[in-house]
Amino acid sequence: MGINQPIHLPPPSQKGSVSLEEAIARRRSVRDFALESISQSQLSQILWATQGISGTGEKLRTVPSAGATYPLEIFVVCGGNGIEAIEDGIYHYNVDSHSLTRHYAGDVRLDLARAALDEESIYEAPVDIVICALYERTVLHYGRRGERYVHIEVGHAGQNIYLEATALGLATVAIGAFHDEQVREVLRLDKQYRPLYIMPVGRPIV
Ligand SMILES: Cc1cc2nc3c(=O)[nH]c(=O)nc-3n(C[C@H](O)[C@H](O)[C@H](O)COP(=O)(O)O)c2cc1C
């Protein structure tokens, strides 16, 4: 497969066996993950919950956004064959087509963990969701106040990852402790991308 050929994810389901209340009650930050890959449909659900399209007609998303300016860009880091039938690498989530585009081949989880004060869960989890922001999309409309809106919005996205992971029998932890510049280098991103959260996702060890 060509390196830039999009990988279309299975369509997300809008039915599950865990109620919203159960997911809220069970949600916990987990930092120990089994050496088990996740399926493409599990990844599909997680990404849909993070930024997927939920409306018909207008392209509104599962997470609210100030003025629908959508400043967040989602990257998926997977290693150790962490996602069923998807090669290790760094992928960008294409919201409109619910697909992934790989922009780097190889397992960079250890480098990502080093950029985050050696946080082991980043290396152990099969998948790390990295939420970055392009501030100018929101700041253009709202000036300096737009920065606040971006920070509020990443919290919405992060909570959806927590709840969706819980509903799927997976788990996550929101990691905010990292060196922005190093994370950007590991992800091979331009300067305007500002990483805000790293969220390892996998099967929890209980
Ligand atoms: C903004 C933010 C940043 C966080 N950063 C980290 C982090 O860098 N490392 C970590 O292990 N946990 C981090 N956490 C997770 C918290 O430690 C965790 O939510 C808290 O201990 C409460 O536990 P619970 O999520 O299981 O309820 C962060 C949480 C938030 C909301």
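Atoms within each ligand, like the ligands themselves, are counted from 1 in listed order. As the structure is a computational prediction, the values presented were derived from the model and not from experiment. Start at 1 with the first residue, then count along the sequence.
When P200, S121, A174, G158 are ranked by how near their heavy atoms come to atom 14 (N) of ligand 1, first place goes to A174.
Residue contact check: A177 has heavy atoms under 4.0 Å from atoms 8 (O) of ligand 1. Numbered from 1 in the order shown, with element, the atoms of ligand 1 that lie under 4.0 Å from a heavy atom of R27 read 24 (P), 25 (O), 27 (O). The distance from ligand 1 to the heavy atoms of R28 drops below 4.0 Å at these ligand atoms: 24 (P), 26 (O), 27 (O). Interface atoms of ligand 1 facing V173, defined by a heavy-atom separation under 4.0 Å, are 12 (N).
Judged by a 6.0 Å distance limit and a 45° cone about the ring axis, R61 is positioned over the six-membered ring of Y70.
Distance check on atom 20 (C) of ligand 1: every protein heavy atom falls at or beyond the 4.0 Å cut-off.
Note on R27 versus E22: no salt bridge recorded, every NZ/NE/NH1/NH2 to OD/OE distance being 4.0 Å or above.
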Inset, instruction - Take N94 and D96, measure what side-chain contact (heavy atoms from CB on, under 4.5 Å) needs, and give me the verdict at the end. - result: CA-CA 6 Å; N94 310 306; D96 287 353; over 6 Å; no
Inset, instruction - Give the C-alpha distance, both sets of side-chain angles, the deciding distance and a yes or no for side chain to side chain donor-acceptor pair (under 3.5 Å) between Y149 and H141. - result: CA-CA 11 Å; Y149 294 161; H141 283 68; over 6 Å; no
Inset, instruction - Just do the side-chain contact (heavy atoms from CB on, under 4.5 Å) check on S54 and V63 with the steps written out, would you? - result: CA-CA 9 Å; S54 54; V63 166; over 6 Å; no
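The shortest heavy-atom distance from F178 to ligand 1 is not under 4.0 Å.
Relative orientation of the F75 and H92 rings is tilted, given thresholds of 30° and 60° on the angle between their planes.
Among protein heavy atoms, atom 23 (O) of ligand 1 sits closest to S29 OG, 4.0 Å. From the protein, the heavy atom lying nearest to atom 16 (C) of ligand 1 is R31 NH2, 3.9 Å.
Taking any N or O of Y197, backbone or side chain, none lies under 3.5 Å from an N or O belonging to ligand 1. Among the atoms of I175, none of the N or O lies under 3.5 angstrom from an N or O of ligand 1.
Looking at S44, its side chain never comes within 3.5 Å of a backbone N or O of Q40 through a donor-acceptor pair. At least one donor-acceptor pair under 3.5 Å links the side chain of R184 to the backbone N or O of K191.
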